[in-house]
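Here is how names work: the chains are called A, B, and so on, in the same order as the sequence lines, proteins then strands, and each is numbered from 1.
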There are 2 protein chains.
Amino acid sequence: MAGQDDATTTVPALLPLYAQVKARLVARIQTGDWKPGQLIPNEFALADELGVSQGTVRKALGEMTAEQLLVRRQGRGTFVQQHTPESMLFRFFNFHDAVGEPISPETLWAKARVCVAKPAERSRLRLAAGAQVVRISRVRGHGGRPFDHETIVVPHDLFPGLAETPEIPNTLYDHFQQVYAVTVTGGEEKLDAVVAGEREAGWLDVAAGSPLLRVERTMFSFDEKPVEWRLSVCAVANARYAVRLG
Amino acid sequence: MAGQDDATTTVPALLPLYAQVKARLVARIQTGDWKPGQLIPNEFALADELGVSQGTVRKALGEMTAEQLLVRRQGRGTFVQQHTPESMLFRFFNFHDAVGEPISPETLWAKARVCVAKPAERSRLRLAAGAQVVRISRVRGHGGRPFDHETIVVPHDLFPGLAETPEIPNTLYDHFQQVYAVTVTGGEEKLDAVVAGEREAGWLDVAAGSPLLRVERTMFSFDEKPVEWRLSVCAVANARYAVRLG
DNA sequence: CATCTTATATCTTATACAAGACTTGTCGAA
DNA sequence: TTCGACAAGTCTTGTATAAGATATAAGATG
């Protein structure tokens, strides 16, 4: 270790060195210093610049790769993870068909409005009273039949103009990243079962009283910052929600 | 690398050295050479014994820790992961109450029989025609009300005498490990929604036509060997199935 | 009770070679 | 000259090794 302020050498260091390095590198992605798809400097260059050894940088990069923030390719280099419609489907979408193949629904119809956030939405998205949100309502289909209805709520601050987008993209998170520089890093889903009321029956073309899977989803960006809240009701005639238990 | 047969040095090695080391260490757990809860030799002893460096052993142990096969404690040593009722609840049980706390259901009633496996069960458990299984039917409750009904099917070969166990344990996997030396390493769940029929309504004390969450679970031991198939229907009045999206 | 010792995992650095991917240079044929 | 094939070179990540410093836990000692 060479030209580094003494803070980390004198103080017992609250965090291991590799974790500090990781935090600094994550920050570069978070601030947009490094953009999605970009090639970042190699291990030796980073080690040199940060004043640590190559092995320490390697450990930081390894964890970031495990968290899907980076993609490393032998012989090529290290790149900032870039969302694509395909990758989003695999990462965050847990519905599979009878054979076990992931299903990819297409949008049947959608509409978006800017409104004042309701209390439940404010709580989920950690917004102040009176904050505005974009509320998207859409029905998606699969195999020629309606599959689910979603109500998607995002802060208007983060996504200005989203409501006026002529065609709401089918996969939103790559759009969020490309257009609004908001990277979705993870989230959580809560599931329960409901029976279709008149409204849901109309949306999904099923009989009232049919069983539906209800999925409540909250997605986060860096620092667990909530960026989307979504409530879906899904007709699970030919689909299963699949989870790997680790 | 020192005293090692030339196989790995001359041949380009089909697998990286650390992966070979890992495979050998996993095998020791799988065969019962190392038992759950046992303290295993430290990194230097293993490196010495296997003829590799300490760093290579470390990488293997690190992956095994990530897969929850081992538990490492600084200053203490490395131990083989041991299932307990509590740990099982956190690892494989995804139901939470309204506050987000994991719920812990108690068994209301259960019965077990030995039968010939049905085709669907044979397929899930990869059993030969005519193979016997133990089929457990039970209702579990939570907060004074019935929570779910489960049909659990396991190969009779693996768990002889399970059907005659006077009281089927509430958490099965730690029992599997302690009594039958079968370690459950992972699994998968597939969810959909159903409406309660007469039978389910009776089990769960809900009205017929109520929405229920149906969970089909297959659990695996080492080498993805299926050891349990389970079909549950859950009354989700005060419970949510929660999933972390990574 | 406080302190020392020991054993362990964890962290950091350093070096070397292997393997993959791209670039450049060389050579020969058309 | 132009094109293509092939070899060589170079940059990158991946793997393997070695050695030292630090943090944590448990037991022994005073």
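- To the nearest angstrom, P of dT8(C) lies 5 Å from CG of Asn42(B).
- Residues passing the salt bridge (charged side-chain N to carboxylate O under 4.0 Å, His left out) test with Lys22(A) are Glu63(A), Glu67(A), sequence neighbours excluded.
- By the 6.0 Å contact criterion, CD on Glu106(A) is enclosed, its count of non-hydrogen atoms from other residues, nucleotides or ligands being greater than 12.
- Dashed line: the shortest gap from a side-chain N or O of Thr78(A) to OP1 or OP2 of dT13(D) is under 4.0 Å.
- Proximity of Thr56(B) to the phosphate of dT15(D): no side-chain N or O atom is located under 4.0 Å from OP1 or OP2.
- Closest to the side chain of Gln74(B), out of dA18(D), dT13(D), dT10(C), is dT10(C).
- Here the P atom of nucleotide dG14(D) and the CG atom of Leu70(A) are 11 Å apart, to the nearest Å.
- Among dT17(D), dA19(C), dA9(C), the nucleotide with an atom closest to any side-chain atom of Arg72(B) is dA9(C).
- In this structure, Lys59(A) does not reach the dT12(C) phosphate: none of its side-chain N or O atoms is under 4.0 Å from OP1 or OP2.
- At whole-Å resolution of the value, CG in Leu61(A) and C1' in dT13(D) are 10 Å apart.
- The bend of the helix from dC1(C)-dG30(D) to dA30(C)-dT1(D), defined by the angle between the axes of its first five and last five pairs, stands at 10° to the nearest 10°.
- If you measure from atom CD1 of Ile40(B) to atom P of dA7(C), you get 18 Å, rounded to the nearest angstrom.
- Shown here is Asn42(B), whose CG atom has more than 12 heavy atoms of other residues, nucleotides or ligands within 6.0 Å.
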Under 3.5 Å, N/O pairs linking protein and nucleotides 26-28 of chain D:
residue : atom : partner  : partner atom : Å
dA26(D) : OP1  : Arg76(B) : NH1          : 3.3

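- Around atom CG of Asp97(B), more than 12 heavy atoms belonging to other residues, nucleotides or ligands sit under 6.0 Å away.
- Scanning for side chain to side chain contact (heavy atoms under 4.5 Å, CB included) contacts around Ala66(A) gives an empty result, with sequence neighbours left out.
- Distances from the side chain of Glu43(A) to the nucleotides dT17(D), dT10(C), dT13(D) place dT13(D) closest.
- Following rounding to the nearest Å, Gln54(A) (CD) and dT12(C) (C1') show an atom-to-atom distance of 12 Å.
- Whole-Å rounding puts the Gln20(A) CD to dT10(C) P distance at 19 Å.
- Atom CG in Leu39(B) sits roughly 9 Å away from atom C1' in dT8(C) (whole-Å rounding).
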Residues 177-184 of chain B, side-chain donor-acceptor partners within the protein, below 3.5 Å, at least two apart:
residue   : atom : partner   : partner atom : Å
Gln177(B) : OE1  : His83(B)  : N            : 2.8
Gln177(B) : NE2  : Thr183(B) : OG1          : 3.1
Tyr180(B) : OH   : Pro160(B) : O            : 3.1
Tyr180(B) : OH   : Leu162(B) : N            : 3.2

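- Of the candidates dT15(D), dA9(C), dT13(D), dA9(C) carries the atom nearest the Arg58(B) side chain, counting heavy atoms from C-beta on.
- Comparing atom distances between the Leu17(B) side chain and each of dT24(D), dA14(C), dA16(D) picks out dA16(D) as nearest.
- Considering only residues two or more places apart in sequence or on other chains, Arg122(B) meets the salt bridge (charged side-chain N to carboxylate O under 4.0 Å, His left out) condition with none of them.
- Atom P of nucleotide dT24(D) and atom CZ of Phe79(B) are separated by 17 Å, given to the nearest angstrom.
- Phe95(B) pairs by the ring pair (Phe, Tyr, Trp, His ring centres under 6.0 Å) definition with Phe93(B), Phe147(B), Tyr241(B), not counting sequence neighbours.
- When each of Pro41(B) and Phe44(A) is assigned the nucleotide of DNA chain C bearing its nearest heavy atom, the one mapping closer to the 5' terminus is Pro41(B).
- Listed by first and then second residue, the salt bridge (charged side-chain N to carboxylate O under 4.0 Å, His left out) pairs involving residues 215-226 of chain B are Arg240(A)-Glu216(B), Arg244(A)-Glu224(B), Arg124(B)-Glu216(B), Glu189(B)-Arg217(B) (not counting sequence neighbours).
- For Thr65(A), the side chain to side chain contact (heavy atoms under 4.5 Å, CB included) test picks out Leu70(A), Arg72(A), with sequence neighbours left out.
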